[in-house]
Amino acid sequence: MTAGSLHIAMVVPPWFELPPVAYGGIESMCADLVDALVARGHRVTLVGAGEHHTKATAFIRTYDEPQGARLGTPEPEVVHAAGVAYYLEELAVDVVHDHSLAGPLLARGRRTPTVVTVHGPVAGERGRYYRYLDKSVHLVGVSDAQRRAAPDLNWVATVHNAVRVADFPFRRDKEDFLLFLGRMAPEKGAHLAIEAARAAGRRLLLAGKCTEPMERAYFAEAVQPRLGPDAEYIGEIDTERKKELLAAARCLLFPICWEEPFGMVMIEAMACGTPVVALRRGAVPEVVADRVTGRVCERLEELPQAVAEVERLDPEACRAHVASRFDVDAMAAGYEAVYRRVLARVPTLEPAA
């Protein structure tokens, strides 16, 4: 390792391998972060489930197979957290970077500082959870909007999620369809996307995970009855198919019904030169440059007109926006600064071997 390099334990959830082949926004972001940190000269020990295809210096698995089929049940998360604590007890690292939900519970008994990226909401019970953790962890928000929702938490920084822009195909010429890409969940607004596309007179393709009971119930009640020749659900798709569709679509519809902390699919779409039409919720105004890379709408009624307006936007401006603000190098530099800032607060910490 080079002078000034760090040994980082990167803890990811136990649900999917890195990088994921289909659903898995956290895992995709973590895979890119691991590779970027290694490229910057750091040593990264990755702790996860199944196999991985990253440049991590070392890999520790808590499960031989990823536990995605059990997503939503508590046992894999708890067993994974216990395994992380077990393995890290004997591992000399400078900092632990935890992306899981249960893992941070064990930070209080650890001398090594723990950085936690908060990938989900901070309202309600999740907010209580992070308040109980108090100063045993150092929280990183994925957007300023997320931090504003709970300003009293122990935040140390905002580091936006990112993509490796070069890995996304760019297309200036678009095909004659709009795209919705996301879980089949009420807060994602697939039913609203159908209504907006239909009002705009455009064909819509919908893709996304629909495996959990809540997702299947929402799909049956709100999405399936709205499908038709101009609105087709094509199921969950793999990474390569996702990139093809994002590059080909005239725009991505993102009519979220909650304060989403980030929204990876927005930067993925713009990296392909595809504008985003979204509602002003959560991090949307931080991610989409209104009237440059898409439209940030105040009301549902504005979505159909916004679809027509974004067809005049420059696809190259969309990609340039992501390259300048949401590329993996910027994300890695942001986390590197967080690690050093946190370590500066722990002057008695012995350096890792």
Check your understanding: Above 12 or not: heavy atoms from other molecules or residues under 6.0 Å from OH of Tyr63?
Key -> yes
Revision key, fill the gap. Scanning both residues in full, the closest heavy-atom pair of Ser136 with Ala107 reads O-CB, 3.6 Å
**Study point:** Arg40 side-chain N/O to Ala36 backbone N/O, donor-acceptor pair under 3.5 Å
**Key:** no
Review point. Hey, what's the ring geometry for Phe219 with Tyr233, parallel, tilted or perpendicular (30° and 60° as the breaks)?
Key: tilted
Exercise for review: State whether the number of non-hydrogen atoms from other residues, nucleotides or ligands found under 6.0 Å of Glu221 atom CD is greater than 12.
Suggested key: no
Practice item. For side chain to side chain contact (heavy atoms under 4.5 Å, CB included), just list the numbers for Val140 and Val156, CA-CA rounded to whole Å, side-chain angles, deciding distance to a tenth of an Å, and then say yes or no. Key: CA-CA 6 Å; Val140 175; Val156 293; 3.9 Å; yes
Check your understanding: For Leu91, which residues count as a side-chain contact (heavy atoms from CB on, under 4.5 Å) partner, sequence neighbours excluded?
Key -> His7, Thr45, Ile60, Leu88, Val93
Review point. Does the pair Glu51/Arg61 count as a salt bridge with the N-to-O cut at 4.0 Å?
Key: yes
Check your understanding: Is the closest basic N to carboxylate O distance between Glu232 and Arg203 below 4.0 Å?
Key -> yes
Point to revise | N-O pairing of Glu195 and Arg198 below 4.0 Å | key: no
Exercise for review: For the pair Tyr335 and His97, name the ring-plane relationship: parallel under 30°, tilted 30 to 60°, perpendicular over 60°.
Suggested key: tilted
Check your understanding: Considering residues, nucleotides and ligands other than Arg128, do more than 12 of their heavy atoms fall under 6.0 Å from its CZ?
Key -> no
Point to revise | Other ILVMFWY residues reachable from Met214 by side-chain steps of under 4.5 Å | key: none
Study note, to complete from the structure: Sequence neighbours excluded, the answer for side chain to side chain donor-acceptor pair (under 3.5 Å) partners of Gln224 is none
Review point. Do Pro255 and Phe180 come close enough that some side-chain heavy atom pair is under 4.5 Å?
Key: yes
**Study point:** Identified salt bridge (charged side-chain N to carboxylate O under 4.0 Å, His left out) partner of Arg280 from the options Glu298, Glu259, Glu286, Glu260
**Key:** Glu298
Point to revise | Over 12 foreign heavy atoms within 6.0 Å of CG, Asp64 | key: no
Check your understanding: Heavy-atom distance under 4.5 Å between the side chains of Met270 and Val276, does that happen here?
Key -> yes
Practice item. Could you walk me through whether Phe262 and His119 pass ring-ring contact (aromatic ring centres under 6.0 Å, His included), step by step? Key: CA-CA 8 Å; Phe262 193 75; His119 289 281; 9.7 Å; no
Exercise for review: For the pair Thr54 (side chain) and Ala56 (backbone), establish whether a donor and an acceptor sit closer than 3.5 Å, ignoring hydrogens and angles.
Suggested key: yes
Point to revise | Ionic contact status for Asp314 with Arg172, cut-off 4.0 Å | key: yes
Check your understanding: Are the charged groups of Arg164 and Asp327 less than 4.0 angstrom apart, N to O?
Key -> no
Point to revise | Under 3.5 Å side-chain donor-acceptor pair for Thr114 and Asp98 | key: no
Exercise for review: Start with the C-alpha distance between Leu71 and Lys209, add both sets of side-chain angles, then the distance that settles side chain to side chain contact (heavy atoms under 4.5 Å, CB included), and finish with yes or no.
Suggested key: CA-CA 12 Å; Leu71 186 63; Lys209 186 170 78 74; 4.1 Å; yes
Review point. Is the backbone N or O of Gly120 less than 3.5 Å from a side-chain atom of Gln146, with the two atoms forming a donor-acceptor pair by type?
Key: yes
Check your understanding: Within a radius of less than 6.0 Å around CD of Glu65, do more than 12 heavy atoms belonging to other residues, nucleotides or ligands occur?
Key -> no
Review point. Is there a path of hydrophobic side-chain contacts, each under 4.5 Å between heavy atoms of I, L, V, M, F, W or Y residues, that connects Met331 with Tyr339?
Key: yes
Practice item. Decide, yes or no, whether a salt bridge links Arg183 with Glu212 under the criterion of side-chain N to carboxylate O below 4.0 Å. Key: no
Practice item. Considering non-hydrogen atoms only, spot the tightest contact between Ile267 and Asn161 and give its length. Key: CD1-O, 3.8 Å
